[in-house]
Amino acid sequence: RAVILSHGHLDHVGAAPLLLPKLGYPPVIGRDLTIAIAKKRMEEFEKNSSKRMDVIKINSVNDKFNLGKFKLSFFNIEHSILDAVGVILETPQGTIIHPGDWTMDRDMHDGKTLTYNHLATLPKPKILMLESLGSTDTSPVVPSEQEMFDNLERLIQTATGKVIIGTFSSQIKRVGHLLEFAKKIGKKVALDGYSMKTNVEIAKELGYIKVDNETMIPINKIKDYPDEKIIIICTGAQGEGNAVLSRIINGDHKFIKIRQNDTVIFSSSVIPGNERTIQKLKDSLYRRCDNVIHNDIMDVHTSGHSSAKSIKEIIRQIQPDYFLPVYANHYFLKEAAKLAISVGIPKDKIFILDNGSTLEFNNGLAKLLNKK
């Protein structure tokens with residue numbers, strides 16, 4: 001009936017060019033930025049293919065759609081990309097609650113911390129499919145976005161050389177904030193990295209980032225300004241070999257040369273599996289630069305994913321009848337299951353599934369089928 005896109009990260013929309021043709025181009029439901037990124041992905045794969053997308057825009061979290069016997073509605077969530085949305089599917093056999101990727105206690109909505117208590121009143125049985133990447137993160141306190149921005153601003157303001165910030169290209173809100181701050185203090189910003197430039201361009205077209213040509217300059221123009229007036233925001237903080245930050249650190253970048261008094265900020269988390277690459281990148285960088293800042297030293301990044309504490313809290317608020325930890329390696333799912341048990345979810349109401357597993361709900365009961 002439809003494909004629902006929760007948010008614009010590429011592990012959620014990147015397969016659109018492969019999936020949509022196989023499904024016969026059904027309607028694609030999502031918010032503005034999510035749809036724009038999916039369309040861009042389609043075009044990169046095959047020119048003019050995005051024109052075949054049958055788009056239904058989510059204009060508000062209060063929007064409701066009927067898809068056959070499914071009723072589709074939405075709820076606000078926090079994540080590290082704009083326009084993320086949680087999904088509710090009411091079916092004749094149960095209500096599926098799916099936040100997509102999520103976090104808690106980051107930003108304030110209308111002066112109030114985001115909560116999920118209202119989902120507890122949905123028709124039973126409530127089936128919570130919860131992204132569980134944070135199930136092993138036992139940090140007692142998670143830094144707020146405001147603390148992170150305060151730290152970034154202080155570093156930028158006091159820097160004696162260039163400021164180079166490596167972050168994810170999907171951090172549109174963060175880039176927008178840094179552009180506004182740069183304008184306020186009279187510094188210039190150059191973006192580098194294909195996905196970074198692409199995403200900022202999309203965000204500008206949608207009006208999510210407002211920036212003047214005085215503040216944002218092309219990367220080849222940084223030589224026209226004193227180092228202390230320059231901020232570079234780029235991709236490659238995961239240590240990818242050919243990415244911008246690696247090329248800067250290795251001395252292979254055409255326009256950017258690192259000096260000892262520059263400030264280099266890793267405003268990103270370590271994606272599991274990239275630890276060794278990032279350690280090598282940091283080692284090389286520390287040899288060339290005296291001011292390297294990352295989350296081990298100062299809060300310069302907030303994750304878009306929850307902690308163990310948040311997982312327990314969202315389960316308490318929603319009070320699901322069934323719990324399905326999803327979106328993570330098997331060990332994360334097992335740990336999320338333990339967290340659910342600790343807040344009162346019966347073990348027989350928790351299902352840890354593999355890719356392709358089929359769970360069938362009938363008359364309020366769940367049954368794991370043999371078929372994949």
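Predicted model only: the values in this text are computed from it and were never measured. Reckoned from all heavy atoms, side chains included, excluding hydrogens, waters and symmetry mates.
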Self-check item: Co-members of F45 in a cluster of I, L, V, M, F, W and Y side chains, linked at under 4.5 Å
Solution: L18
Exercise. Report the C-alpha separation of E147 and N151 in whole Å, then their side-chain angles, then the decisive distance to 0.1 Å, and conclude whether the side-chain hydrogen bond (donor to acceptor under 3.5 Å, both in side chains) test is met.
Key: CA-CA 6 Å; E147 288 171 293; N151 287 336; over 6 Å; no
Practice problem: Go through S310 and S307 one step at a time and tell me if the side-chain hydrogen bond (donor to acceptor under 3.5 Å, both in side chains) criterion holds. | Solution: CA-CA 5 Å; S310 299; S307 64; 3.3 Å; yes
Quiz item: Please, which pairs that meet ring-ring contact (aromatic ring centres under 6.0 Å, His included) have at least one residue in residues 345-366, sequence neighbours excluded?
Solution: Y322-F361
Exercise. State whether the side chain of T167 and the backbone N or O of S267 hold a donor-acceptor pair below 3.5 Å, judged by distance alone.
Key: yes
Exercise. Please report the closest heavy-atom contact between I350 and A340, naming both atoms and the distance.
Key: CD1-CB, 3.8 Å
Quiz item: Taking V28 as the fixed residue, which of L20, D54, L19 is the one that meets the side-chain contact (heavy atoms from CB on, under 4.5 Å) rule?
Solution: L20
Practice problem: Starting at CZ of F75, measure out to CG of L122 and round the result to the nearest 0.5 Å. | Solution: 9.0 Å
Exercise. Look only at the side chain of E90 and the backbone of F70, and say whether a donor-acceptor pair between them is shorter than 3.5 Å.
Key: no
Quiz item: Which side chain to side chain donor-acceptor pair (under 3.5 Å) pairs, counting each pair once, include a residue from residues 208-218, with sequence neighbours left out?
Solution: D83-Y208, K183-D212, D212-T215
Practice problem: Taking all non-hydrogen atoms of both residues into account, name the closest pair between T103 and Y116 and its distance. | Solution: O-OH, 3.5 Å
Quiz prompt | side-chain contact (heavy atoms from CB on, under 4.5 Å) against R247, all qualifying residues, sequence neighbours excluded | solution = N242, V244, D252, H253
Practice problem: Check the surroundings of atom NZ in K197: do more than 12 heavy atoms from other residues, nucleotides or ligands lie under 6.0 Å from it? | Solution: yes
Quiz prompt | Spacing of CD1 belonging to I248 relative to SG belonging to C234, to within rounding of 0.5 Å | solution = 4.5 Å
Quiz item: Does S132 use its side chain to pair, donor to acceptor, with the backbone of A336 at less than 3.5 Å?
Solution: no
Quiz prompt | Exercise: identify the closest heavy-atom pair between E313 and M104 | solution = CG-CE, 3.7 Å
Practice problem: Decide whether H177 and K173 meet the rule of one side-chain donor and one side-chain acceptor closer than 3.5 Å. | Solution: no
Quiz item: Is a side-chain donor or acceptor of D137 paired with a backbone partner of A308 at a separation under 3.5 angstrom?
Solution: no
Practice problem: Tell me whether V87 is reachable from I56 by hopping between hydrophobic residues (I, L, V, M, F, W, Y) whose side-chain heavy atoms are closer than 4.5 Å. | Solution: yes
Quiz item: Looking at H7, H305, H12, which one forms a ring-ring contact (aromatic ring centres under 6.0 Å, His included) with Y327?
Solution: H12
Quiz item: Among pairs that include at least one residue of residues 13-42, which meet side chain to side chain donor-acceptor pair (under 3.5 Å), considering only residues two or more places apart or in two chains?
Solution: D32-K57
Self-check item: Pairs involving residues 352-361, ordered by first then second residue, that meet side chain to side chain donor-acceptor pair (under 3.5 Å) (sequence neighbours left out)
Solution: none
Practice problem: Report, as yes or no, whether the 6.0 Å neighbourhood of atom NZ on K184 holds more than 12 heavy atoms from other residues, nucleotides or ligands. | Solution: no
Quiz item: Is a donor on one side and an acceptor on the other found under 3.5 Å between the side chain of E43 and the backbone of S50?
Solution: yes
Exercise. With the side chain counted from C-beta on, respond yes when K188 and K221 share a heavy-atom pair under 4.5 Å apart, and no when they do not.
Key: no
Exercise. Treat each ILVMFWY residue as a node, draw an edge where side-chain heavy atoms are under 4.5 Å apart, and state whether V189 and F149 are in one component.
Key: yes
Practice problem: Decide if atom CZ of R259 counts as having more than 12 heavy atoms of other residues, nucleotides or ligands within a radius under 6.0 Å. | Solution: no
Quiz item: Is there a side-chain hydrogen bond (donor to acceptor under 3.5 Å, both in side chains) between Q279 and E275 once you walk through the steps?
Solution: CA-CA 6 Å; Q279 283 165 5; E275 293 86 352; over 6 Å; no
Exercise. For K347 and A337, indicate whether the former's side chain and the latter's backbone hold a donor-acceptor pair under 3.5 Å.
Key: no
Quiz item: Judged by atom type as modelled, is there a donor-acceptor pair below 3.5 Å linking the side chain of Q93 to the main-chain atoms of N363?
Solution: yes
Self-check item: Atom pair CG/CD1 of L359 and I127 - distance to nearest 0.5 Å
Solution: 7.5 Å
Exercise. State whether the number of non-hydrogen atoms from other residues, nucleotides or ligands found under 6.0 Å of K223 atom NZ is greater than 12.
Key: yes
